[in-house]
Amino acid sequence: MHKRFDNQAIESKWQEKWNENGIYDVGERDTSKEKEYVLVELPYPSGNLHIGHWHAFAVPDIYVRYLRMTGKQVLYPMGFDAFGLPAENAAIKRDINPKEWTEGNIDYMKDQLGSMGAAFSWDKTTATTDQDYYKWTQWMFTEFFKKDIAYRGTGKVNWCPKCNTVIANEQVLSDDTCERCGTEVEKKEMPQWMLKITDYADRLVDDLEDLNWPEHIKEAQRRWIGRSEGAEITFNLSTGDDVTVFTTRPDTLFGATYMVLAPEHPLVTQNESSITNWDEVVRYIELSKKKSEQDRLDDTKEKTGVKLEGVTATNPANGEEIPVFIADYVLAGYGTGAIMAVPAHDERDFAFAAKYNVPIQQVVVPNVVPNVEDMPQEDKETLVRDVVDLIIEHPTDGTFLMQKEIDGENVYEHFVGGGTDGETDEVAIGRELEEETGFKNYEVISKVFTTQTYAYRHTKDKNQDCLSNFYHIKLTDLEQVPSEVEEGKHTIDWCMKDEVDTRMTWPGHRMAWNYFAHNEVYTGDGFLIESGEFDKTNSEEAKVAITEKVGGKMTNTYRLRDWSVGRQRYWGVPIPIVYDPEGNAHPVPKEHLPWCLPSDVDFRPTGEPPLAKSAELKKRTEEIFGEGWTPEVETLDTFVDSSWYFLRYIDNQNDDMFASLEKQKNWMPIDLYFGGAEHTTMHLLYSRFWQKALLDLRYVTENEPYKRRINRGLILGPDGNKMSKSKGNVIDPDDHVKTVGADTVKMYLAFMGPYGETANYPWDMGGIAGIRRFLERVYGLSEHVADTEPEEVTKQLHKTILKLAKDIPEFKFNTAISAMMVFVNLVEKNTLTQESYEVFLRALAPFAPHLSEELWEAAGKTESIHLEGFPEADAELAADTEVTIGVQINGKVRGDITIAPDASEEEAMAAAQSNEKLAERLAGTVKKVIYIPGKIMNVIVVD
RNA sequence: GCCGCGGUGGCGGAAUUGGUAGACGCGUGCGACUCAAAAUCGCAUUCUUUCGGGGGUGAGGGUUCGAUUCCCUCCCGCGGCACCA
C-alpha cells in the first residue's frame, strides 16, 4: 500500500547516527577481507553541489554499498581539489582571500555531501590546499627536479589572456581556446617550468594495453600522444648545411622530389645570403606568422609555400638534386620541422606538388590486381588465370603485387585458382581444401580484398563445378596506356616489369597504374619500383633497408609535448625552487616544506606572478638561503595537485611520507575509477605519468594507478539541453532532496539508464515522481507481511536477488531497480513473510540507504542494516517450474504454450495441439519441428 | 576528411552464445473514490485493420526454420581528432 513518509526526518536522523557511529570509516586495512578501492574524481569546492555531483558520487555509492555488503573492505574516499582560478576570481570579486572563500566552501560542501547519505570514507579525506598535502606535492616536484623530470625550459607557450597565465597543451581545446574560460589563447615566448612527460610517451602508450578502460579513452590517449614510427634521414643542402627530416615512410625516399622546411626553421635565416629570392621568403614567413595567429577556420586549406631559390638539396638515395621550399603545412613544432616530400605517396605533398609543378615520382605500387576495361569476357577469364598462375609461381618476389601476408603462412602453396564470376570485373582467390563428395572446396585466403561472397566456378578443372565462398579482388585501374604518355595527365606510366609484361600483355594493352590520371595518391604500403636495388622489396622491409643505406636511423616521433606546469597566478602551490645570486635554480630542501603560500600580496592578475610582490616570501628566502637568493614566484598547475591525490587518501595522516609503501601495497591499485569524459587527455594522462615518474623513484608500488575506468554521461536539463544558468534549465539537487528525499534523487539518477555509457540523460520531473511512488510503496510494504507467502512471491524474491547480483557489478542500476519494482508490484497483490520482507530490505539497502535503515529499525533491529550482508539467492527457489513459450507456425508466432522448461518435444506438441487456435493451424502436414526447450517451438506446416 | 560510439513506442529505456520485441518507469485514455479537485487505486496503452489479420527495432539486401541481435551496402545523429610528415 502506498504510504507517504517524512524523508527529511528519516534522512537527518540516520545521517546523524551514521556519523556518530562512524560506520563508513575504513580505518586500518583488514586483510581478512578483500579490498576494493573505488575512486571518484574529487570535486572542486565551487560552493554548491550540483546535480552532476550527485550523479558522480551518489550512483557509484550503490556499487560501493553492494561491495561492502558482500564482505569487501571498501575504500571510497572523498576530498577537495581546492586550488585554482575560480577561487581566485571569486575572491577578487568579493575582495577576500581565496583561502577564506575556499575553506568556507569546503565546509558547506561537506554538509551537502552529507545530505547524500553516501558511504564515503571520511576518515581518509584530504584537500589539495592543506599544507600537509601540498607539502608533498612540493616534495615530489623537488624530487623530479633532482632527476631532471622537472626542468626550466624555454620556447613558445600557450598564454590565456583572460586567465593571465600559461596553460598546458592539453588545456588548449582544438579550436585554440582555453579549456577553462573559452578565450582564444596566444603563443608567447617565455621561460617555463616543464615536466618531462615526453620521456614517458612510450610507456604511456604501451601500458594502456592491459588496462580495463573503455577503448575510446585508450584510443584518445594514444592519439594524443601520437607516436609515429619512422626514421630520421639527413639531406645535404647545396649551401653545405645538413637538414634532418623525420618520415614515417623511408621506403618512399626514392620518390622524394623536393623538401620542405617549416617557415620558422633556423636554417632558413642562416642561409639568407644563399637565397636569391630572400624578399619573397621573408614576406611568406611574416604571412604565415600572422596566419597562425588569425583564424584557423580557413577551410580551403590550400597549401602555400615559397621555393628557396639558390638552394637545393640532394636526395641521399639516388643523388638527385631536388628543390627546397618553405611552407606552413610543415610545422616547426613537430618532428624536425623539415620533411622530405613524396608527392606520389602523400596527400599533402601531392597537393603542393601539383600546385608548384614539382615532379611526381611513384615508387610504391599497391598489392592489388589491376582493373580490366573493355575486355571480352573470355579474355578476362584468361587474364585472371594468368594472374593466378603467376601468383602461384612467384608468390613473394614482388613481380606480381599480391598481398603477401595472407591468413597465415605458405598460403600460396595451396593456391589453386581464380576467375571472374562472369558478371563483374572481379577475381576470386581461394585455396583448396579437402576433396569431398566429388567437389573441390575452397576457403578464403584473402580478407584484404573483401567485397562479398558468392558462388563461383573455379578454373583449374573446367569440367568441374564447385560452389564455394570466395572473397573478391576488384580489378581496378588496368587501362590501355596511350601510345604516348601525355604529360600532366599520366604523370607516371608505370608498367609491370619486363618478365611480367610479356605474360600479362594484352593485345593493345599494358597494365598500368595511373593514379595520377585519376588524381589519386597511393598512401598505402606495397612493393617498390624505381628504387634501384630496392625494387620488388616490400615497404616494410624497405623502410629499414633504405634508412640503413643512407645512414639514417629508425626513430619515433610524438605529438605529445612536455607538460608546462608553471602558472603566473596566486592561488596554487608555490613552486618550491629558489635561485642563488647567480640565478641557478635549487630545490627547497624537505625540512623547509611546506614552502608556504604567502598571504601578503595583491593577487589581482596583471600578467606578472603575484608572488613576485610578496615581501614575506622574499624575506623568508633570504633568511633561509642567504643574501641575494630569490624565490621562484610561479605556482603549479592544479592538475599537478590532482595527479596523486588518490595516494594521499590511503595514508592521510602520515607526516613522514605522502603514503607509506606498506599502505600503498594494501590499497593500490585503484580497482575502479569513476569520472567524467573531460579528463581523458588531461587528468587521466597526467596522473598516469605522475605515477610512473614516482615509480621510477621507488616511491610508489604500482606502474598504473587505475585498473578500471568508467566514464559517466551528463545529466541534461528537462528540455534536453545542457544545463546552464542562461537557459534557465538548471536542476538544483537540494530542492529535490528536500521535497522527495536523497534516496529518491539517488535512485532516480540510477534509474535513468545504464551508468558508464557515454549517454546523456535529460532530467524528467515525472520520472523522479515515479521513483518516489515506488519508495512510498516500499514504505507501506510491511502491511503485506503475513505468516505465509505464495510460492510465486518466494520465487520472485530470489529472482530479484539474482538479478541485482548480476546487474549491480555491471552498473546496470536501471534494470536492477526495475527488478525490485516488479517484486514490489507482485507483493502488493499478495502477502510475504517477515523473513522475506527483511531479505528485500537488505537488497534495497544500497539503493535507498535511509529508508531501508528506517524500515530495518521498525522491524525491530538494533544493528545498522548497512553492516548486514547482501542477501544470497537460492537458485533452486528462483527456478521456474513451468515456462510460457511462443509457438511459431512457419516462422510466425501464432500463440503460446505453458509447459515445463525441460518438457520434451512430444509434450510441447501435445500442449500446442490442445490449444484450439494452434491446433487449427497445425492441421496440415508437419514438415519440420524446431523445438528449443524453454525458448520456442517453430513448426513448419505444409497444407 | 579520419577515428570511436549510437539509431527500438509519445518519452527514458528493456531484451543480443539468434528464439513470443517493447520489461520497468514516465506520459496519455477510461473507470473507482470525492460535492469537486489533487493524491491514491484499478484497467488499457507499438502502429494499422473490413477484427480474419497485416506491418513494425534508421533504409535496402543477404544468411537462417527463425534476425533488434550475424554479414554486406547506404542514410542519419553524437563524441573526439583534424595539414603530426
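In what follows, every chain begins at residue 1, and chains take the letters A, B, ... in the order their sequences are listed.
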(request) Kindly say if A:K892 contacts the phosphate of B:G55, meaning a side-chain N or O under 4.0 Å from OP1 or OP2. (result) yes

(request) May I ask you to verify if any side-chain N or O of A:R559 is less than 4.0 angstrom from the OP1 or OP2 atom of B:A82? (result) yes

Among residues at least two apart in sequence or on other chains, which ones pass salt bridge (Lys or Arg N to Asp or Glu O under 4.0 Å) with [X]?
X	result
A:K355	A:E302
A:D251	A:R249
A:E219	A:R222
A:D764	none

Regarding [X], tell me which of base, sugar-phosphate or nothing describes its non-hydrogen contacts under 4.0 Å with the strands shown.
X	answer
A:R894	sugar-phosphate
A:V330	base
A:G766	sugar-phosphate

Just compare [options] and give me whichever is closest to any side-chain atom of [X].
X	options	answer
A:M821	B:G80, B:C24, B:A85	B:C24
A:Y329	B:C83, B:G55, B:C24	B:C83
A:H216	B:G25, B:G4, B:U40	B:G4
A:F246	B:U20, B:A85, B:C24	B:A85

Could you write out each protein N or O paired with an N or O of nucleotides 11-13 of chain B at a distance under 3.5 Å?
| unit_1 | atom_1 | unit_2 | atom_2 | d |
| --- | --- | --- | --- | --- |
| B:G12 | O2' | A:M752 | O | 2.8 |
| B:G13 | O3' | A:N814 | ND2 | 3.4 |

(request) Mind calculating the distance between CD1 (A:I817) and P (B:A23) to the nearest angstrom? (result) 18 Å

(request) List in chain and number order the residues that pass ring pair (Phe, Tyr, Trp, His ring centres under 6.0 Å) with A:H265, two or more places apart in sequence or in another chain; answer none if no residue qualifies. (result) none

Enumerate donor-acceptor pairs with a distance under 3.5 Å from any side-chain N or O in residues 813-820 of chain A to protein atoms, sequence neighbours excluded.
| unit_1 | atom_1 | unit_2 | atom_2 | d |
| --- | --- | --- | --- | --- |
| A:T815 | OG1 | A:D807 | OD2 | 2.7 |
| A:T815 | OG1 | A:K812 | O | 3.1 |

Distances for protein N or O near nucleotides 65-68 of chain B N or O, under 3.5 Å:
| unit_1 | atom_1 | unit_2 | atom_2 | d |
| --- | --- | --- | --- | --- |
| B:C65 | O2' | A:N938 | ND2 | 3.1 |
| B:C65 | O2 | A:N938 | ND2 | 2.5 |

(message) Between A:T884 and A:K812, which residue's closest nucleotide on RNA chain B lies nearer the 5′ terminus?
(response) A:K812

(request) Please collect all salt bridge (Lys or Arg N to Asp or Glu O under 4.0 Å) contacts where either partner lies in residues 322-339 of chain A, sequence neighbours excluded, each pair once. (result) A:K291-A:D328

(message) Distance check, C1' atoms only: B:U64 and B:G19, in whole angstrom units.
(response) 12 Å

(message) Suppose we call two aromatic rings close when their centres sit under 6.0 Å apart. Are A:H679 and A:Y686 close by that rule?
(response) no

